[in-house]
Each structure stands twice: as C-alpha cells, then as structure tokens.
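Some notes on the structure that comes next.
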Amino acid sequence: SYTYQCFIKWLCKNEEPEKALQFLPVMLKNDVYPDVFHCCTLVDGMAKHLQRSMAFKLCARMIKLGVEPNVVTYTILINIFSNSSKMHEAYDLFKEMIQKGLPPDAISYTSIIHGYCRIGDMKRAHIFFDEMIKKDLTPDAVSYTSIIHGYCRLGDMKWAWSLFQDMKKKGQQPNVVTFTCMIDGFFKLGRKDMASLLFDDMKQKNIIPDRMTYNTMIANYRRLGHADKASDLLKDMKKEGIC
RNA sequence: ACAAUCAGGAGUCU
C-alpha cells in the first residue's frame, strides 16, 4: 500500500497526474483500497499541476469510496483557494472543517494566513496568526515567513522586522527563505544597506544563500544601478557552485 | 541503537 503511494507521488511529480488517476482502478482490482493518504497524495498532485477542478472532483470521489477527508485533505484544498486568492472559499472550508470536528493545525493556519497575505489583507492574516497562538499552536519558521513576506510585499518593514525579531525570541530560527524575503523587502524600499547587512548576517549564521537569494540580490542591485555589485555576486554564485 | 525516509504550508526574476 505504501509502495502504491510512493508510485502515485512519483507519477504526480513527473507531471503525469493523469496516469496516477488511471492507476486507481488497478489498485482496486488488486484489492488495495485507497486510503486517505493515497487520496491526499493524488489531490495534492492534481492541485500542483493546476488541475484544480480535478482535485475537487477527486475529493468527491474519495468520499464515495468511503474515504473520509481529514485535516490534511482540508488543508490541501484550503491551500488551493489561498493560492488563487479565493479567500472566501478558503475560509468556508476552514469553518467547515471545524464544524466537522477537525481542528485546523498549524499548517492549516499557515495556509490561510498565506492566502490573506497574498491579497494584502494583513489585518485578517494577523487575526489568524494571533488566533493560532491562542489555540496553543506554535507558529513555525514557515508561518512566520508567510506573514513576514506579506508585510514585505506591502513595504511595511517595521512589522516585518518586529516579527523577524519575535520569531528568534520564540526559538524559531529564520531560514534561507525568511532572509530572502527580508532582503527583498528592504531592497524594494531602497534600503540596500539593510539588505546587505542581512545578507552578511545570514552567511555568518551559516545559512547558505541559495539561487533565489542570489537572484534577489542581483536583480535588485541591477535595478538600483549597481551593475558592479551584481556581477560580483554572480561570480560568488559560480564560486559557490550555485547556478 | 543512531541516522535517513515516512500524505498537506513560505521566498526572487520573467
């Protein structure tokens, strides 16, 4: 059964979720009944290939097969809505899962927070952020990074910075994604001083800048007319073997 | 035994 799941996942990753779907009858024939794990793998696979409507049809089908949706199933769907800025629908699902006695976990909260950040509704994002803490769920580095990114996008680096400090205080170490968001946020405000400070800081903390971090640095330096710094970074990038 | 793995969440440019 686990083997099947791996296989399904592999098919989805290789851009062939259709084949994974056709594989379902084969499983049934072999008396292997898909459980909620298989279905989640599939639904998520569909979602990532932008076959969103397919993902929902699949959910209906899994219910017919007697597989009850769980927290993960709901979170995948919430995430689909969040990533397409359909927060009304996302919130409906959020309420629905609570009604069904499936309390949202930290990842569910992070997904919906991310959605509100996407549409720039930081007020609601923050309400959910506070609510998850009230419910004794610990925001992890991804949760913090989501909301920090939301503030960075809006150029609100005061809030971004205070959350950046807060996460460290709470024992959640910023990772390469967090730093990249902060760096980009400062650049967008023209604060290249802060951006390069953070870039040095992350390296000092042994957080290795990845391709996206370098892209961020290079694109922003170019935009601000520092072709020299951009090409220096390009050299560093090659030296580090990132490319 | 340890480690690795063990369905869902975050970043740049185009």
Side-chain angles (χ1 to χ4, degrees), chain A residues 1-13 17 20 34-48 55 58-59 62 67-83 90 93-94 97 102 104-118 125 128-129 132 137-153 160 163-164 167 172-188 195 198-199 202 207-224 230 233-234 237 242:
Chain A
S1 180
Y2 179 63
T3 317
Y4 278 108
Q5 196 189 320
C6 291
F7 188 56
I8 290 173
K9 192 170 187 171
W10 181 79
L11 281 175
C12 287
K13 266 198 184 144
D35 59 11
V36 69
F37 288 73
H38 294 105
C39 293
C40 285
T41 309
L42 254 176
V43 172
D44 193 49
M46 303 303 296
K48 294 211 164 110
L58 199 63
C59 274
M62 77 183 259
V67 182
E68 279 298 310
N70 65 7
V71 185
V72 176
T73 324
Y74 271 101
T75 305
I76 293 169
L77 298 179
I78 287 175
N79 203 35
I80 293 175
F81 282 130
S82 283
N83 278 323
L93 279 175
F94 193 82
M97 70 190 285
L102 299 168
D105 65 9
I107 298 186
S108 321
Y109 270 97
T110 304
S111 298
I112 205 151
I113 287 169
H114 174 233
Y116 283 118
C117 288
R118 263 185 72 95
F128 280 100
F129 190 75
M132 79 183 280
L137 297 169
T138 309
D140 64 8
V142 179
S143 320
Y144 273 101
T145 304
S146 299
I147 194 161
I148 285 174
H149 177 235
Y151 283 115
C152 288
R153 272 175 20 116
L163 283 160
F164 186 65
M167 72 187 286
Q172 296 295 337
Q173 288 316 312
N175 58 27
V176 56
V177 182
T178 323
F179 272 99
T180 306
C181 292
M182 290 295 291
I183 288 171
D184 195 50
F186 277 119
F187 264 128
K188 295 269 142 76
L198 282 168
F199 188 64
M202 71 185 284
I207 299 166
I208 317 286
D210 64 9
R211 233 188 57 206
M212 291 229 206
T213 317
Y214 275 105
N215 271 347
T216 305
M217 295 289 293
I218 291 168
N220 278 298
Y221 270 132
R222 286 218 174 106
R223 192 172 54 82
L224 296 172
L233 282 161
L234 208 64
M237 220 173 143
I242 309 161

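We name chains A, B, ... by the order of the sequence lines, and we start the count at 1 in each one.
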Students often get this wrong, so: under 4.0 angstrom with heavy atoms, is A:Asp35 touching a base, only sugar-phosphate, or nothing? nothing
Set of residues satisfying side-chain contact (heavy atoms from CB on, under 4.5 Å) with respect to A:Thr178, sequence neighbours excluded: A:Thr145, A:Ile148, A:Phe164, A:Met167, A:Pro174, A:Asn175
First and last nucleotide of RNA chain B, 5' to 3', lying under 4.0 Å from heavy atoms of chain A: B:C6 to B:C13
Checking A:Ser111 now: which residues fulfil side chain to side chain donor-acceptor pair (under 3.5 Å) with it, not counting sequence neighbours? none
Only pairs at least two apart or in different chains count here, so list each salt bridge (Lys or Arg N to Asp or Glu O under 4.0 Å) that has a residue in residues 176-185 of chain A. A:Asp184-A:Lys188
For A:Asn220, report the nucleic acid contact type (base, sugar-phosphate, nothing); a contact means any heavy atom under 4.0 Å. nothing
Across the strands shown, which category fits A:Thr213 at heavy-atom distances under 4.0 angstrom: base, sugar-phosphate, nothing? base
All side-chain contact (heavy atoms from CB on, under 4.5 Å) counterparts of A:Ile208, not counting sequence neighbours: none
For A:Ser146, which contact category applies under a 4.0 Å heavy-atom criterion: base, sugar-phosphate, or nothing? sugar-phosphate
Specify the closest pair of heavy atoms between A:Cys152 and A:Ala160, including all atoms of both residues, with the distance to one decimal. SG-CB, 3.9 Å
What contact category does A:Ser82 fall into here, base, sugar-phosphate, or nothing, at under 4.0 angstrom with non-hydrogen atoms? nothing
Mind checking salt bridge (charged side-chain N to carboxylate O under 4.0 Å, His left out) for A:Asp35 and listing every partner two or more places apart, or none if nothing turns up? none
